[in-house]
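Working notes, structure below.
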Amino acid sequence: MAAQERAIRTRRNIMLAAATVFNERGYKAATIADILSKAGVTKGALYFHFPSKDELAQEVLASQNRDFVVPDRQSKTQEVVDVVMLHTHRLQNDPMVRAAVRLTMDQLSTEFDRTGPFRQWAEVTRERLEKARSQGELLPHVVPAETADVMVGSYAGVQSMSHALSEYADLTARANALLRHLLPSIVLPSVLASVDIAEDRGARVYAEIQATA
């Protein structure tokens, strides 16, 4: 049991070190030597857990969606908002999520498959929009798959802009502005009137999840 716990700690330490290096340098410039130095482990220990830099980066990428469960709401539009604002909160506060987003947005990494997060976020959003449509929450013209792609692409742009201008310090305000502009063209006014899109929504949803964990 002690050996297993050490292995878990070592793996976690390597991932945190990799997240730091990937966030600072991007995938292409990051080296195994950088990660080893940051983690303080041997090359053998790293390769035991992660056979390549690519597999390590993919594990960091996957971490942004691991244990990402938004509480069920009667309003599925509210769930869409909660997905956006909770991710915003985690991006500002969790170094692993920040590194995952850096990898996802790294256009220089042409040899690295970074399509997964975009597809996953589009799927998560589409599923909730389809449920919202079935409950009569959306305007008649809305096509959930198309709208999900627009929302994910728009939010990716907002993230990129926030990172460039303020290192994500203003991301909650920008995410709130994005929702205020997009939702009226998607959601019935009578439904939207009861949806909470406040800037602190992500922090409150995160606290709600932690309280029930």
Side-chain angles (χ1 to χ4, degrees), residues 15-16 18-30 57 60-71 73 75-109 114-126 128-129 147-187 192-211:
M15 285 192 62
L16 287 171
T20 300
V21 174
F22 287 139
N23 189 47
E24 291 174 351
R25 304 190 180 189
Y27 177 81
K28 192 170 185 177
V60 173
L61 262 187
S63 69
Q64 67 177 306
N65 292 327
R66 190 169 293 120
D67 301 322
F68 187 87
V69 180
V70 171
R73 312 290 186 195
S75 168
K76 297 306 169 182
T77 300
Q78 183 67 67
E79 286 187 26
V80 171
V81 169
D82 288 355
V83 166
V84 172
M85 298 309 289
L86 177 58
H87 181 68
T88 296
H89 175 78
R90 294 175 75 232
L91 176 53
Q92 290 179 310
N93 294 279
D94 188 330
M96 194 71 71
V97 174
R98 188 174 293 222
V101 169
R102 169 65 191 272
L103 287 171
T104 303
M105 303 297 290
D106 190 353
Q107 297 184 26
L108 297 177
S109 301
R114 54 194 182 87
T115 62
F118 288 111
R119 298 181 191 279
Q120 291 164 2
W121 284 112
E123 181 69 9
V124 165
T125 306
R126 180 192 62 78
R128 285 171 169 80
L129 287 172
T147 300
D149 281 350
V150 169
M151 292 191 72
V152 171
S154 300
Y155 183 60
V158 164
Q159 284 182 150
S160 183
M161 186 174 184
S162 178
H163 177 252
L165 295 178
S166 71
E167 287 290 327
Y168 299 124
D170 66 356
L171 184 56
T172 51
R174 291 185 182 279
N176 171 270
L178 176 68
L179 292 171
R180 284 189 285 106
H181 282 76
L182 286 182
L183 290 180
S185 67
I186 300 169
V187 182
L192 190 55
S194 62
V195 174
D196 182 357
I197 62 171
E199 290 185 24
D200 68 342
R201 178 68 184 178
R204 286 187 281 117
V205 173
Y206 181 80
E208 177 185 353
I209 293 169
Q210 294 302 110

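Just so you know, these numbers come straight off a predicted model, no measurement behind them.
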* Under the side chain to side chain donor-acceptor pair (under 3.5 Å) test, residues paired with R174 that sit two or more places apart -> D170
* Under the side-chain contact (heavy atoms from CB on, under 4.5 Å) criterion, do V80 and M151 qualify, and how do the steps go? -> CA-CA 10 Å; V80 171; M151 292 191 72; 3.7 Å; yes
* Closest approach of M85 and A175, non-hydrogen atoms and distance? -> SD-CB, 3.9 Å
* Asked: Given the rule in the side-chain contact (heavy atoms from CB on, under 4.5 Å) test, do K76 and L129 qualify, once you have shown the distances and angles that lead to the verdict?
  -> CA-CA 7 Å; K76 297 306 169 182; L129 287 172; over 6 Å; no
* To do: Kindly say whether A156 contributes a backbone atom to a donor-acceptor pair with the side chain of S160 at under 3.5 angstrom?
  => no
* To do: With sequence neighbours excluded, tell me which residues meet salt bridge (charged side-chain N to carboxylate O under 4.0 Å, His left out) with E24.
  => none
* Asked: Counting only N and O atoms by type, is there a donor-acceptor contact under 3.5 Å from the side chain of S162 to the main-chain atoms of V158?
  -> no
* For the residue pair H87 and Y155, categorise the inter-ring angle as parallel (less than 30°), tilted (30 to 60°) or perpendicular (more than 60°). => perpendicular
* Asked: Which distance, rounded to the nearest 0.5 Å, do you find between the OG1 of T125 and the CD of E79?
  -> 11.5 Å
* Expected output: side-chain R128 to main-chain T77 donor-acceptor under 3.5 Å -> no
* Structure fact -> Of all heavy-atom pairs linking L103 and Y27, the shortest is CD2-CB, 3.7 Å
* At their closest point, which heavy atom of N23 faces which heavy atom of R102, and how far apart are they? -> O-NH1, 2.6 Å
* **L183 and V81, any side-chain heavy atoms less than 4.5 Å apart** => yes
* Asked: Taking only residues two or more places apart in sequence or in another chain, which ones pass side chain to side chain contact (heavy atoms under 4.5 Å, CB included) with P184?
  -> L192
* Structure fact -> Hits for salt bridge (charged side-chain N to carboxylate O under 4.0 Å, His left out) against E167, two or more places apart or cross-chain, chain-then-number order -> none
* Residues I209, L86; criterion side-chain contact (heavy atoms from CB on, under 4.5 Å); working and verdict -> CA-CA 10 Å; I209 293 169; L86 177 58; 3.6 Å; yes
* **Separation between CD of Q92 and CZ of R98, rounded to the nearest 0.5 Å** => 7.5 Å
* Asked: Is there a side-chain contact between P95 and T20 (heavy atoms, below 4.5 Å)?
  -> no
* Report the C-alpha separation of Y206 and N93 in whole Å, then their side-chain angles, then the decisive distance to 0.1 Å, and conclude whether the side-chain contact (heavy atoms from CB on, under 4.5 Å) test is met. => CA-CA 11 Å; Y206 181 80; N93 294 279; over 6 Å; no
* To do: Could you check L178, N176, L171, V83 and say which one makes a side-chain contact (heavy atoms from CB on, under 4.5 Å) with T88?
  => L171
* Structure fact -> Here the side-chain hydrogen bond (donor to acceptor under 3.5 Å, both in side chains) pairs for residues 193-203, sequence neighbours left out, are D82-R201, D196-R201, D196-R204, D200-R204
* To do: For D94, enumerate each residue passing the salt bridge (charged side-chain N to carboxylate O under 4.0 Å, His left out) test, keeping only those at least two apart in sequence or located in another chain.
  => none
* Asked: So, for G202 and H89, which heavy atoms are closest and what is the spacing to 0.1 Å?
  -> C-CB, 3.9 Å
* Side chain of H163, backbone of Q159: donor and acceptor closer than 3.5 Å? -> no
* Please name the pair of heavy atoms, one in H181 and one in A177, separated by the smallest distance, quoted to 0.1 Å. => ND1-O, 2.7 Å
* Structure fact -> Closest heavy-atom pair, Y168 versus L91, reported as atoms and distance to 0.1 Å, is CE2-CD2, 3.8 Å
